Student: 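Before we start, here is the structure in question, set down as structure tokens.
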Amino acid sequence: MSEIDFDTRVTQRVGKDNPMVVPVGYFDELPSRIQNRCIASNRSTSFSSKQQPLRNRFALAFGVVSLAAVFYVGYLFIHPFHTVSLLRVDEPFGIVQKQVAGVDIPDIHNHYPKEVDVAAQEDYREQIINYLIDERVDYVTLMEVYHYDE
Amino acid sequence: MSHCSDKELLDMFRNPETQGYAFNLLVRKYQERLYWHIRRIVVQHSDADDVIQNTLLKVWTGLSNFREDSQLFTWLYRIATNEALTFLKRKRARYILPIVDVEAQLSSSIESDPYMNGTEIQMRLQKAILTLPEKQRLVFNMKYYEEMKYEDMSEILGTSIGALKASYHHAVKKIEKYFDED
């Protein structure tokens with residue numbers, strides 16, 4: 001049976017009338033409902049587009065601050081005792097002064113190597129302490145040790 | 001002004017001063033055709049109402065990008081079809097059990113639907129249409145009720161004319177069988 005035959009047969013029995021209906025006045029109201037939704041959609045789009053640059057700036061600032069914080073924490077993690085060692089710069093000399101009578105602290109400061117880095121200074125201090133405490137040498141001997149290379 | 005051509009409507013829409021007015025005219029011109037196309041896919045009025053609103057909202061946001069490579073009405077139909085099919089897909093996804101058949105549910109709701117008002121045989125045809133696979137159902141409705149040309153259907157559904165003719169043929173056979181068995 002061809003499509004035309006079917007159309008004729010079914011159309012005769014059923015017809016092409018649509019059994020579906022809509023509420024009264026539906027198509028009169030639909031354009032204004034659509035218009036309202038479009039206006040609402042426009043408002044929300046323009047609001048979000050106005051907010052966007054401000055949001056971007058906040059995000060950028062937050063990112064920079066976060067990055068700085070991460071670097072700072074990382075720095076502290078790598079050099080955990082850096083600040084502490086700076087605060088303790090005179091501590092070895094105090095120990096020396098307690099252990100050895102007649103030590104001239106300003107004089108030791110003058111002979112202390114200024115050009116070497118913090119780690120090397122720590123080594124020097126340890127050497128002084130160990131030497132003085134273990135060997136109980138006097139200040140003159142200490143100076144001789146210091147100026148051995150010179 | 002309600003008989004504006006598509007070209008006139010599009011020209012008015014591109015002018016910011018007349019954009020809203022042009023869109024209102026466009027809605028008035030196409031709302032019924034689009035609504036009935038959607039309604040035949042989703043069946044229930046409340047669902048069709050949601051889908052037509054979403055469709056026309058998409059038209060509003062996308063119309064400025066419409067390039068006129070195709071006819072305006074096929075572009076509108078394409079959006080409406082996609083929205084309606086997506087709606088049905090979401091409806092199916094809401095049911096956890098795969099045995100729940102949305103089409104069967106729609107078929108059983110036809111008689112109790114307050115927005116169905118047809119003769120008994122018209123209702124039977126609706127139920128027969130709901131037994132068809134989705135693509136055949138689409139093609140049958142567009143051909144039988146809307147009397148759309150295969151060329152336009154091909155542009156809307158992105159299917160070859162031969163495949164559309166075959167779909168309609170299979171749909172007709174199944175509906176005949178449904179009526180013979182009933």
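First the proteins, then the strands, lettered A, B, ... as listed; each starts at 1. It should be emphasised that the depicted structure is a prediction, and the values quoted were computed from it without experimental measurement.
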Student: Side chain, backbone, both or neither: which part of B:Asp113 has a heavy atom under 4.5 Å from chain A?
Tutor: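 When you check distances to chain A, no heavy atom of B:Asp113 falls under 4.5 Å.
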Student: Which of residues 125-133 of chain B get closer than 4.5 angstrom to chain A, counting heavy atoms alone?
Tutor: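 When heavy atoms of chain A are the reference, residues 125-133 of chain B contributes B:Leu125, B:Gln126 within the under-4.5 Å range.
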Student: Do A:Lys16's NZ or CZ and the ring of B:Tyr145 fall within the cation-pi criteria of under 6.0 Å and 45°?
Tutor: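 No, A:Lys16 and B:Tyr145 do not form such a contact.
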Student: Identify which of B:Thr61, B:Asn117, B:Val27 forms the greatest number of heavy-atom pairs closer than 4.5 Å to chain A.
Tutor: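 Answer, by heavy-atom pair count under 4.5 Å with chain A: B:Asn117.
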Student: According to side chain to side chain contact (heavy atoms under 4.5 Å, CB included), who are the partners of A:Asp28, at least two apart in sequence or on a separate chain?
Tutor: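 Partners of A:Asp28 by the side chain to side chain contact (heavy atoms under 4.5 Å, CB included) criterion come out as none, since no residue qualifies.
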Student: Quickly, which of B:Glu120, B:Arg124, B:Gln122 forms a side chain to side chain contact (heavy atoms under 4.5 Å, CB included) with A:Pro19? Name it, please.
Tutor: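 Going through B:Glu120, B:Arg124, B:Gln122 one by one, the side chain to side chain contact (heavy atoms under 4.5 Å, CB included) with A:Pro19 is satisfied by B:Gln122 alone.
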Student: Give the minimum heavy-atom separation between B:Met116 and A:Val21, together with the two atoms involved.
Tutor: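 Where B:Met116 meets A:Val21 most closely, the heavy atoms are N-CG2, 4.0 Å.
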Student: How long is the span from the CG atom in A:Asn18 to the CG atom in B:Asn141, to the nearest 0.5 Å?
Tutor: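 One finds 9.0 Å between CG of A:Asn18 and CG of B:Asn141.
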Student: Would you confirm whether B:Gln31, through its side chain, and A:Leu30, through its main-chain N or O, come within 3.5 Å as a donor-acceptor pair?
Tutor: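 Not at all, since once roles are kept as given, no pair shorter than 3.5 Å links the two residues.
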Student: CD/A:Gln35 to OH/B:Tyr21 distance, rounded to the nearest 0.5 angstrom?
Tutor: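 Reported value, rounded in 0.5 Å steps: 11.5 Å.
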Student: Apply side-chain contact (heavy atoms from CB on, under 4.5 Å) to A:Ile34 and B:Phe23, showing your working.
Tutor: CA-CA 10 Å; A:Ile34 299 293; B:Phe23 185 69; 3.7 Å; yes
Student: Against chain A, label B:Asn54 side chain, backbone, both or neither, depending on which of its atoms sit under 4.5 Å from a heavy atom there.
Tutor: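 Both backbone and side chain.
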Student: Would you kindly confirm whether B:Phe66 and B:Leu57 end up in one hydrophobic cluster when ILVMFWY residues are joined by side chain heavy atoms under 4.5 Å apart?
Tutor: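 Different hydrophobic clusters.
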Student: Among Ile, Leu, Val, Met, Phe, Trp and Tyr joined by side-chain contacts under 4.5 Å, find the other residues sharing a cluster with A:Phe71 and list them by chain and number.
Tutor: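 Hydrophobic cluster check, A:Phe71: joined to A:Leu67.
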Student: What distance do A:Met20 atom CE and B:Ile110 atom CD1 have between them, rounded to the nearest 0.5 Å?
Tutor: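 If I round to the nearest 0.5 Å, the distance is 6.5 Å.
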Student: Under 4.5 Å between side-chain heavy atoms, counting indirect links through other Ile/Leu/Val/Met/Phe/Trp/Tyr residues: same cluster for A:Ile39 and B:Val59 or not?
Tutor: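 Different clusters: A:Ile39 never reaches B:Val59 through Ile, Leu, Val, Met, Phe, Trp or Tyr contacts under 4.5 Å.
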Student: For a 4.5 angstrom cut-off between non-hydrogen side-chain atoms, does A:Tyr26 reach B:His45?
Tutor: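 Yes, side chains in contact.
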Student: Which heavy atom in A:Val22 sits nearest to a heavy atom in B:Tyr115, and how many Å separate them?
Tutor: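 In terms of heavy atoms, the two residues are closest at C-CD2, 4.1 Å.
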Student: Looking only at non-hydrogen atoms, find the nearest pair between A:Pro31 and B:Asn24 and report the distance.
Tutor: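 Reported closest heavy-atom pair: CB-ND2, 4.2 Å.
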Student: Is atom NZ of B:Lys91 surrounded by more than 12 heavy atoms (other residues, nucleotides or ligands) closer than 6.0 Å?
Tutor: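 Yes, because the 6.0 Å sphere around NZ of B:Lys91 holds more than 12 heavy atoms from other groups.
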Student: According to the salt bridge (Lys or Arg N to Asp or Glu O under 4.0 Å) rule, which pairs have a member within residues 61-87 of chain B, sequence neighbours left out?
Tutor: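 Listed by first then second residue: B:Arg14-B:Glu68, B:Lys58-B:Glu83.
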Student: If you apply the rule side-chain contact (heavy atoms from CB on, under 4.5 Å), what do you find for B:Arg28 with A:Phe27, and how did you get there?
Tutor: CA-CA 8 Å; B:Arg28 286 179 191 281; A:Phe27 289 117; over 6 Å; no
